[in-house]
Amino acid sequence: MTAAYHADSSWPAKVRRRAVRLASRRPARAPTRPMISFAFDDAPASAARAGAEILEARGLRGTFYVAAALAGTDAVTGPMASADDVRRVAAAGHEVGCHTYSHLDCGQAGASLAVDDVARNAETLRMWGLPPPTTFAYPFGDVTPETKRALVGRFTLLRALHHGLVTAGADLNQAPAIGVEGPPGERLAMQWLDRAADRAAWLILCTHDVADAPSPYGCTPATLSRLVARALDEGFEVVTVAEGAARVG
């Protein structure tokens with residue numbers, strides 16, 4: 001999430017976003033029990049530290065979607081995780097997923113550019129000593145039909161940002177998620193937790209920074225802690241996105 005860039009919000013773009021969800025689909029199997037994943041997009045340093053610590057304190061692991069070009073830079077979500085931060089979360093057992101190299105808008109970029117950017121991210125992570133990512137999150141949640149088609153098969157799951165649950169028939173090439181962002185984020189996430197529990201579904205929650213004074217795209221440590229506690233109290237199995245994808249793929 002950069003300070004200056006915003007995804008296309010025009011009417012044609014909104015129509016395209018709905019249409020692309022019908023293309024290049026890979027339907028999920030039904031989960032056998034309620035599952036939840038905690039994902040951190042862009043991997044701000046606060047997420048790699050405070051967010052990871054909250055999960056680790058309960059013996060849990062999350063998924064950090066890294067765009068390697070952002071490492072060590074400053075963004076609206078605060079300082080970004082360094083290569084050392086990313087290596088630490090990986091060594092602790094968290095999943096490191098792909099978010100393109102340059103935080104590329106896959107709803108605007110051509111398919112060949114997106115494929116090259118994804119490959120560059122994987123190569124950079126390899127140079128950091130990390131294995132190839134197996135799951136992907138579209139920056140800004142957006143993708144064209146051509147780029148979606150070019151990326152499928154490279155990952156076990158590709159995640160977007162439209163609201164929903166992973167149930168039987170959900171598209172693993174454009175999986176839904178619920179953003180825990182800003183003041184309304186916690187209440188929204190709690191509502192979707194209840195829906196996922198009722199349907200024995202897989203819920204993917206995503207945020208950015210985890211700080212006492214978060215950006216509009218992040219949440220507080222207290223919010224994350226309450227969501228983790230609620231999920232465990234309701235009997236959810238906490239899985240990384242890669243683990244969840246293996247269950248329903």
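Counting begins at 1 with the first residue of the sequence. Values reported hereafter were calculated over all heavy atoms of this structure, with side chains retained and with hydrogens, waters and symmetry mates removed.
Distance CG/Leu224 to CG/Leu205: 9.0 Å, rounded to 0.5 Å. The distance from atom CD of Gln108 to atom CG of Leu113, rounded to the nearest 0.5 Å, is 11.5 Å. Annotation: the span from Thr134 atom OG1 to Arg154 atom CZ amounts to 14.5 Å, rounded to 0.5 Å. With rounding to the nearest 0.5 Å, the separation of CD1 in Ile178 from NE2 in His162 is 9.0 Å. Here the CE-CZ distance, from Met190 to Arg187, works out to 12.0 Å after rounding to the nearest 0.5 Å. The CZ atom of Arg29 sits 11.0 Å away from atom CZ of Arg247, with the distance rounded to the nearest 0.5 Å.
Tested against Asp171 for a salt bridge (charged side-chain N to carboxylate O under 4.0 Å, His left out), the candidates Arg159, Lys148, Arg21 yield a single pass: Lys148.
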Donor-acceptor pairs under 3.5 Å, side chain of residues 194-203 to any protein atom, not counting sequence neighbours: which ones?
from   : atom 1 : to     : atom 2 : distance (Å)
Asp194 : OD1    : Arg230 : NH2    : 2.8
Asp194 : OD2    : Arg230 : NH2    : 3.2
Trp202 : NE1    : Ser37  : OG     : 3.0

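A donor-acceptor contact closer than 3.5 angstrom links the side chains of Ser82 and Asp85. At a cut-off of 3.5 Å, with distance as the only test, a side-chain donor of Ser102 or Asp117 sits close to an acceptor on the other residue.
Within 6.0 Å of CZ in Arg120 there are 12 or fewer heavy atoms belonging to other residues, nucleotides or ligands.
Evaluation of the ring-ring contact (aromatic ring centres under 6.0 Å, His included) rule for Tyr138 yields Phe136 as partners, not counting sequence neighbours.
Between Ala28 and Val166, the closest heavy-atom pair is CB-CG1, 4.0 Å. Closest non-hydrogen pair, Gly62 versus Thr240, comes out as O-CG2, 3.7 Å.
The backbone N or O of Val180 lies less than 3.5 Å from a partner atom in the side chain of Thr207, making a donor-acceptor pair. When atom types are taken as modelled, the side chain of Asn121 and the backbone of Ala67 share no donor-acceptor pair closer than 3.5 angstrom. No side-chain donor-acceptor contact under 3.5 Å links Arg58 to the backbone of Ser225. No donor-acceptor distance shorter than 3.5 angstrom exists from the side chain of Asp41 to the backbone of Pro139, with no hydrogens or angles considered.
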**Item:** Steps toward side chain to side chain donor-acceptor pair (under 3.5 Å) verdict (Asp42, His99)
**Value:** CA-CA 7 Å; Asp42 307 352; His99 206 37; 2.9 Å; yes

**Item:** Check against side chain to side chain donor-acceptor pair (under 3.5 Å), Glu56 and His94
**Value:** CA-CA 9 Å; Glu56 290 167 18; His94 299 277; 2.7 Å; yes

**Item:** Verdict with supporting geometry, Val86 and Val96, side-chain contact (heavy atoms from CB on, under 4.5 Å)
**Value:** CA-CA 8 Å; Val86 176; Val96 175; 3.9 Å; yes

**Request:** Might you work through the salt bridge (charged side-chain N to carboxylate O under 4.0 Å, His left out) test for Glu243 and Arg61, ending with a clear yes or no?
**Result:** CA-CA 10 Å; Glu243 290 169 340; Arg61 298 297 182 266; over 6 Å; no

**Message:** Determine whether Phe38 and Ile54 satisfy the following criterion, side-chain contact (heavy atoms from CB on, under 4.5 Å), listing intermediate values before the conclusion.
**Reply:** CA-CA 11 Å; Phe38 294 92; Ile54 288 167; over 6 Å; no

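Ring planes of Phe64 and Phe40: parallel class, angle under 30° (limits at 30 and 60°).
Between Tyr65 and Val241, some side-chain heavy-atom pair lies under the 4.5 Å cut-off.
Between Glu123 and Arg126, at least one side-chain nitrogen of the basic residue sits less than 4.0 Å from a carboxylate oxygen of the acidic one, meeting the salt-bridge criterion.
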